[in-house]
Amino acid sequence: MNLRIINGPNLDNIGEREPKIYGNTSLVDYFNSLKHNFTDINFSFINSHFESEIVSVLHASENQIDGIILNAGAYSHTSVAIRDAISAISVPVVLVHISNVYARENFRNNNIIAPVCKGIITGFGVESYKIAIQSFID
Ligand code: DQA
């Protein structure tokens, strides 16, 4: 199975960024350990601060990838373009958030991407990614 993990803006410094909210584990270290836990899965990892690049990667995933795990970061609350790109492809997308966005500021309650995703996992720290991977296996 080919899974693509896409991380949006401000997620390249998890482990250092606001550790009380996002924890102390770097995503690079965490994804390296994940690769060892799921040896049957071919992972590709993409980080981008740019909305247009995320849209392009979503389009390019069509017919190439079995599932996408997307943490769109702040774009989850703002990006019609990313929502439309998810709607335009048939690859299932599971939306992931490290923090529980529904327990934070009101503006994070507005998740405009979630309705077009297969599911959403929010609030389990970096383990949210592992739960998302498991959902594709199950
Ligand atoms: C986040 C939650 C978003 O609201 C925030 O803008 C982020 C990180 C999370 O993983 O908890 O950048 O996506």
Side-chain angles (χ1 to χ4, degrees):
M1 179 162 53
N2 295 313
L3 291 185
R4 177 159 283 166
I5 299 185
I6 305 174
N7 280 309
N10 301 307
L11 295 165
D12 52 346
N13 58 351
I14 292 294
E16 291 166 18
R17 171 191 173 195
E18 298 182 88
K20 285 196 176 131
I21 297 174
Y22 299 112
N24 298 299
T25 309
S26 98
L27 284 182
V28 175
D29 292 345
Y30 183 70
F31 291 150
N32 277 335
S33 72
L34 274 186
K35 281 193 269 185
H36 295 296
N37 290 342
F38 296 100
T39 48
D40 290 345
I41 297 178
N42 294 317
F43 288 106
S44 56
F45 300 97
I46 288 148
N47 277 287
S48 179
H49 297 304
F50 301 104
E51 186 180 35
S52 58
E53 194 176 358
I54 296 168
V55 168
S56 297
V57 168
L58 287 164
H59 287 187
S61 301
E62 185 72 330
N63 298 321
Q64 305 295 322
I65 297 289
D66 300 306
I68 293 171
I69 294 162
L70 169 66
N71 186 344
Y75 288 142
S76 301
H77 316 297
T78 62
S79 179
V80 176
I82 292 175
R83 176 187 167 122
D84 286 350
I86 294 168
S87 297
I89 60 174
S90 59
V91 186
V93 177
V94 171
L95 186 65
V96 157
H97 290 293
I98 298 165
S99 63
N100 180 353
V101 290
Y102 298 103
R104 299 181 63 192
E105 302 93 332
N106 281 344
F107 65 85
R108 291 183 213 274
N109 292 352
N110 181 32
N111 197 319
I112 65 174
I113 290 178
V116 295
C117 291
K118 183 179 177 205
I120 171 169
I121 297 160
T122 184
F124 294 91
V126 293
E127 295 293 322
S128 294
Y129 291 92
K130 194 195 264 180
I131 298 166
I133 294 165
Q134 198 63 50
S135 78
F136 282 107
I137 295 166
D138 296 344

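Computed from a predicted model, the values in this text were never measured in an experiment. Order of listing sets the numbers, starting from 1, for every ligand and every atom in it.
Of all the heavy atoms of Ile21, none lies under 4.0 Å from any atom of ligand 1, so neither backbone nor side chain is involved. Here His97 has heavy atoms under 4.0 Å from ligand 1 in both its backbone and its side chain. Under 4.0 angstrom from ligand 1, the non-hydrogen atoms of Ile98 come from both its backbone and its side chain.
Close to ligand 1: Val101, with a non-hydrogen atom less than 4.0 angstrom away.
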Run the side-chain hydrogen bond (donor to acceptor under 3.5 Å, both in side chains) check on His49 and Asp12 step by step: do they pass? CA-CA 9 Å; His49 297 304; Asp12 52 346; 3.3 Å; yes
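Taking the six-membered ring where the residue is Trp, Phe31 and Phe45 present parallel rings, their angle staying beneath 30° rather than reaching 60°.
For the pair Arg104 and ligand 1, the shortest N or O to N or O distance does not fall below 3.5 Å. Checking only distances, Ala74 does come within under 3.5 Å of ligand 1, N or O to N or O. Any N or O atom pair closer than 3.5 Å counts here, and Arg17 shares at least one such pair with ligand 1.
Listed by number with element, the atoms of ligand 1 under 4.0 angstrom from any heavy atom of Ser99 are 2 (C), 9 (C), 11 (O). Close approach of ligand 1 to Arg108 is summarised as follows: ligand atoms under 4.0 Å from at least one heavy atom of the residue are 3 (C), 4 (O), 5 (C), 6 (O). In the vicinity of Tyr22, heavy-atom distances shorter than 4.0 Å reach the ligand 1 atoms 5 (C), 7 (C), 8 (C), 9 (C), 11 (O). Short contacts between ligand 1 and His77, defined as distances under 4.0 Å to a heavy atom of the residue, involve ligand atoms 3 (C), 4 (O).
Side-chain contact between Tyr129 and Phe124 is absent, with no heavy atoms from C-beta onward closer than 4.5 Å. Leu58 is listed as a side-chain neighbour of Ile86, based on a closest heavy-atom distance under 4.5 Å.
Of the candidates Pro115, Ser76, Ser128, Ser76 is the only one forming a side chain to side chain contact (heavy atoms under 4.5 Å, CB included) with Leu95.
A distance-only check finds a donor-acceptor pair linking the side chain of Glu62 to the backbone of Ser90 [under 3.5 Å].
Side-chain heavy atoms closer than 4.5 Å link hydrophobic residues (I, L, V, M, F, W, Y) into clusters, and following such links, even through other members, never connects Val96 to Val116.
Taking every heavy atom of both residues into account, Pro92 and Phe136 meet most closely at O-CZ, 3.8 Å.
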